[in-house]
2 protein chains.
Amino acid sequence: MPDDAPPLPEFDLYSFTPYRLAVAAKRTSEELARKYRERFGISIPEWRVLVHLAHSGKVSVRDIEARVAMEKYEVSRAAKRLREANLIERKENPTDRRLVILTLTPAGRKMMAELLPLAKSHQAALEARLGDAFEQLEAGLEQLLKEPE
Amino acid sequence: MPDDAPPLPEFDLYSFTPYRLAVAAKRTSEELARKYRERFGISIPEWRVLVHLAHSGKVSVRDIEARVAMEKYEVSRAAKRLREANLIERKENPTDRRLVILTLTPAGRKMMAELLPLAKSHQAALEARLGDAFEQLEAGLEQLLKEPE
DNA sequence: GAAGGTTCATAGCATCCGCAATGAAATCGC
DNA sequence: GCGATTTCATTGCGGATGCTATGAACCTTC
């Protein structure tokens, strides 16, 4: 390492927004993911699919992909696992046989009836913990997320 | 699916903070990661290690772990790949032979000299794009990140 | 109504990731 | 000073992930 190497520009990772966002997201998600996993044995992709199903009733993989920020193959695989766990059911759409129809099973509904209130209280706790900063965070995220890509 | 199933609580994924953060982080990071990968062939963990090295000179795996929100094994593997790419160098610490000393090679310094300004301009563009929302986002993240766990 | 192109879901493959275990070196406790 | 514990870095392994290819069904156009 020669001493005459030109100095590198100063760069502070801790104030680099992509880094900060990644760390914040990881913490926030993992805290929750642990709960999901331990109590219900589901992962985050599976959770997203379930939430969408709880909200929308019957949907195809494509529907979920479009609305839940997941790739098609992620949805497909999550659905497979959920089917194996008997939490969702998969039928063929008779009017377009390329499409599938995913719905919660009774067991899936039961689980979501327990899980959703938990998620709500988690959200409430987060808001309380952040205080005023919560509104600010949301405003920032809003701006960031509303852009197409 | 019996009709007498009790209704599930309403739950809107799009306003669920962990979800929003995850999506925002993914977008922001991937946009950048694509650049890193295409132009320099490095991943995000590798980028973090490099930044820390550019900033701190000689460090051990443990140092990086503590300061860059990575697990030790992530650092270790990233370092291995970087070594294979001849971007960093690994020596033994003579006063404590458990520790390693990682430093940038000349090639690594050269790459960082190109990369860091790019990251800076990326950050500047992000700030400009977000406008006032940037300060708010930062305030929110600050609060979120300052908590221990 | 048949060929060409598109959309949908899934599977194959290689890589990545997280956890736990390993091994080497240092430190502690007596 | 020496065994027990702790710290540090790496690796093995199973499972997850991302990209691409595949195949089935549908739509379009003539």
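In this text the structure is predicted, and so the values were computed from the model without any measurement. Keep in mind that the numbers below use all heavy atoms, side chains included, and drop hydrogens, waters and symmetry copies. In what follows, chains carry the letters A, B, and so on, assigned in the order in which the sequence lines appear, proteins first and then strands, with residues in each chain numbered from 1.
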Any Lys/Arg nitrogen of B:Arg48 or B:Glu74 sitting under 4.0 Å from an Asp/Glu carboxylate oxygen of the other?
no
Separation of [X] atom [atom1] from [N] atom [atom2], in whole Å?
X        : N      : atom1 : atom2 : value
B:Ile101 : C:dA25 : CD1   : P     : 16 Å
A:Met70  : C:dT10 : CE    : P     : 12 Å
A:Leu82  : D:dA16 : CG    : P     : 12 Å
B:Glu71  : C:dA20 : CD    : P     : 11 Å
A:Lys72  : D:dT20 : NZ    : C1'   : 12 Å
B:Arg37  : C:dT15 : CZ    : P     : 14 Å
B:Arg34  : D:dC19 : CZ    : C1'   : 14 Å
A:Lys91  : C:dA9  : NZ    : P     : 16 Å

Check this one for me: any side-chain N or O of [X] less than 4.0 Å away from OP1 or OP2 of [N]?
X       : N      : answer
A:Tyr73 : D:dC19 : yes
B:Arg97 : D:dT7  : no
B:Arg98 : D:dC8  : no
A:Ser76 : C:dA11 : no

Sidechain-backbone polar pair: A:Gln123 side chain, B:Thr17 backbone, donor-acceptor under 3.5 Å:
yes
Do any N or O atoms from the side chain of B:Ser29 and from the backbone of B:Ala25 form a donor-acceptor pair under 3.5 angstrom?
yes
Do A:Arg77 and D:dG18 have a side chain to base donor-acceptor pair shorter than 3.5 Å?
yes
Can you establish whether the number of heavy atoms outside A:Asp132 located under 6.0 Å from its atom CG is more than 12?
no
Map A:Lys26 and A:Asp63 onto DNA chain C by nearest heavy atom, then report which one ends up closer to the 5' terminus.
A:Asp63
Does B:Glu74 reach a base, just sugar-phosphate, or nothing at all? Heavy atoms under 4.0 Å.
sugar-phosphate
Just checking B:Ser43: base, sugar-phosphate only, or nothing, at a heavy-atom cut-off of under 4.0 Å?
nothing
Checking contacts here: which listed nucleotide (C:dC8, D:dC8, C:dT10) is nearest the side-chain heavy atoms of A:Arg90?
C:dT10
Relative to the 5' end of DNA chain D, which residue comes earlier, A:Thr95 or A:Pro45, by the nucleotide with the nearest heavy atom?
A:Pro45
Rounded to the nearest 0.5 Å, how far does CG of B:Leu102 lie from NZ of B:Lys91?
10.5 Å
